[in-house]
Amino acid sequence: MAKKIGILGTGVVGQTIAAKLQDLGFEVMVGTRDVAKTQTNKERTPMGGAPFSEWHAKHQNVKLGTFADAAKFADVAFLCTNGAGTLDAVKAAQPENLKGKTVVDISNQLAFSKGLPPTLLPQFSNTNSLSEEIQKR
Ligand SMILES: NC(=O)c1ccc[n+]([C@@H]2O[C@H](COP(=O)([O-])OP(=O)(O)OC[C@H]3O[C@@H](n4cnc5c(N)ncnc54)[C@H](OP(=O)(O)O)[C@@H]3O)[C@@H](O)[C@H]2O)c1
């Protein structure tokens, strides 16, 4: 059975899944672009969640690493990144680190640049989707 979970994404979705899986007894590592920045960032997440540093202080057994560290660590990985940044996150994770592993994609192809409600990112609409682009990589 998978023991190690890699969560790519530090927002409220990544935090929620990381906390629950750790409570269930899994070893969890969360991945981010810049570990030092994420550890010290005191801003709330875009969806109003706790700053990662505040959340991490209450979940100190969850490891924090780069996207590549979390992908390498994982038996099973969860993609919990902003839709517009997900392919960059997958690239930073280095797809060979995810080869042969189950990857649960929770990201949405949403654009928030024009405010709420969000629209679909046009490059992932109609004849394409973010999930298809993730699978190609
Ligand atoms: N399926 C569902 O039911 C459901 C429900 C809610 C949300 N979602 C989706 O879950 C995902 C996460 O949502 P969230 O609110 O927790 O967080 P979010 O603010 O949408 O995303 C935060 C994460 O995205 C990363 N990120 C942002 N821009 C990036 C870029 N240019 N390159 C690489 N990484 C980038 C951030 O990296 P850093 O850590 O480096 O800052 C952070 O880890 C979203 O796609 C959202 O739409 C799905």
Side-chain angles (χ1 to χ4, degrees):
M1 189 179 131
K3 288 228 166 28
K4 294 181 174 178
I5 307 292
I7 309 268
L8 278 64
T10 55
V12 70
V13 174
Q15 292 175 17
T16 303
I17 292 177
K20 184 64 183 178
L21 291 176
Q22 206 230 337
D23 282 352
L24 290 172
F26 293 92
E27 281 183 68
V28 181
M29 180 183 284
V30 172
T32 185
R33 284 171 287 189
D34 182 332
V35 172
K37 190 173 166 192
T38 297
Q39 271 171 333
T40 54
N41 186 4
K42 300 272 188 277
E43 286 173 29
R44 296 193 76 76
T45 69
M47 294 307 280
F52 186 85
S53 58
E54 198 178 289
W55 176 88
H56 200 209
K58 296 178 190 153
H59 299 87
Q60 292 179 10
N61 291 334
V62 172
K63 299 170 178 62
L64 179 67
T66 62
F67 286 134
D69 292 333
K72 209 176 289 179
F73 175 84
D75 297 321
V76 172
F78 287 74
L79 286 182
C80 307
T81 41
N82 184 280
T86 291
L87 294 183
D88 286 339
V90 169
K91 187 176 176 190
Q94 300 166 12
E96 62 271 22
N97 289 327
L98 296 168
K99 200 171 179 182
K101 300 178 180 178
T102 297
V103 177
V104 182
D105 171 30
I106 299 179
S107 63
N108 286 323
Q109 54 219 46
L110 295 177
F112 291 91
S113 56
K114 293 178 186 151
L116 294 172
T119 54
L120 290 176
L121 289 163
Q123 66 273 35
F124 305 127
S125 301
N126 298 318
T127 56
N128 197 16
S129 70
L130 180 55
S131 298
E132 286 171 88
E133 291 300 323
I134 292 166
Q135 285 178 45
K136 284 180 196 166
R137 284 151 180 84

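Please read all numbers here as calculations on a predicted model, not as lab measurements.
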Quiz item: With S53, which residues qualify under side chain to side chain contact (heavy atoms under 4.5 Å, CB included), at least two apart?
Solution: K42, P51
Self-check item: Minimum heavy-atom distance T45-G11, with the two atoms named
Solution: CG2-CA, 4.1 Å
Quiz prompt | Joint hydrophobic cluster, L121 plus F112, side-chain heavy atoms closer than 4.5 Å | solution = no
Exercise. Just jot down the side chain to side chain contact (heavy atoms under 4.5 Å, CB included) partners of T102, sequence neighbours excluded, or say none.
Key: V76, V104
Quiz item: Under 3.5 Å, is there a donor-acceptor pair between the side chain of Q15 and the main chain of T10?
Solution: yes
Quiz item: Are T86 and T81 close enough that a side-chain donor and a side-chain acceptor fall under 3.5 Å?
Solution: yes
Self-check item: Approximate separation, where rounding is to 0.5 Å, of L98 CG and I134 CD1
Solution: 10.5 Å
Exercise. For S129, check side chain to side chain contact (heavy atoms under 4.5 Å, CB included) against everything at least two apart and list the hits.
Key: Q109, S131, E132
Practice problem: For V30 and A18, work out which heavy atoms get closest and say how close. | Solution: CG2-CB, 3.9 Å
Quiz item: Should K136 and E133 count as an ion pair when the cut-off is N to O under 4.0 Å?
Solution: yes
Practice problem: Is it possible for you to say whether L130 and L110 belong to one hydrophobic cluster, with membership spreading through side-chain heavy-atom contacts below 4.5 Å? | Solution: no
Practice problem: Measure the CD-CG distance between Q22 and L24 for me, rounded to the nearest 0.5 Å. | Solution: 10.0 Å
Practice problem: Please examine the side chains of I106 and L79, heavy atoms only from C-beta on, and report whether any two atoms are closer than 4.5 Å. | Solution: no
Quiz item: Side-chain heavy atoms under 4.5 angstrom apart, residues restricted to Ile, Leu, Val, Met, Phe, Trp, Tyr: same cluster for L8 and M29?
Solution: no
Quiz item: Any chain of hydrophobic side-chain contacts (each under 4.5 Å) joining V103 to I7?
Solution: no
Practice problem: Let me see the working for F124 and L87 under side-chain contact (heavy atoms from CB on, under 4.5 Å), right down to the final yes or no. | Solution: CA-CA 11 Å; F124 305 127; L87 294 183; 3.7 Å; yes
Quiz item: With distance as the sole criterion, is a donor-acceptor pair present between the side chains of T66 and D69 under 3.5 Å?
Solution: yes
Self-check item: Atom of F67, atom of A89 and distance for their closest heavy-atom approach
Solution: CE1-CB, 3.8 Å
Practice problem: Taking the side chain as every heavy atom from C-beta outward, state whether T38 and L64 have any atom pair closer than 4.5 Å. | Solution: yes
Exercise. Check whether more than 12 heavy atoms from other residues, nucleotides or ligands sit under 6.0 Å from atom CD of E43, and answer yes or no.
Key: no
Self-check item: Exercise: identify the closest heavy-atom pair between G6 and A74
Solution: N-CB, 3.5 Å
Quiz item: Any donor and acceptor pair, going by atom type alone, linking the side chain of K101 with main-chain N or O of K72 inside 3.5 Å?
Solution: yes
Quiz prompt | Shortest non-hydrogen contact between V28 and F73, atoms and distance | solution = C-CE2, 4.0 Å
Self-check item: Partner set under ring pair (Phe, Tyr, Trp, His ring centres under 6.0 Å) for F52, not counting sequence neighbours
Solution: W55, H56
Quiz prompt | Counterpart residues, salt bridge (charged side-chain N to carboxylate O under 4.0 Å, His left out), relative to K3 (two or more places apart) | solution = none
Exercise. Report the residues that fulfil side chain to side chain contact (heavy atoms under 4.5 Å, CB included) with D34, sequence neighbours left out, ordered by chain and then residue number.
Key: A36, K37
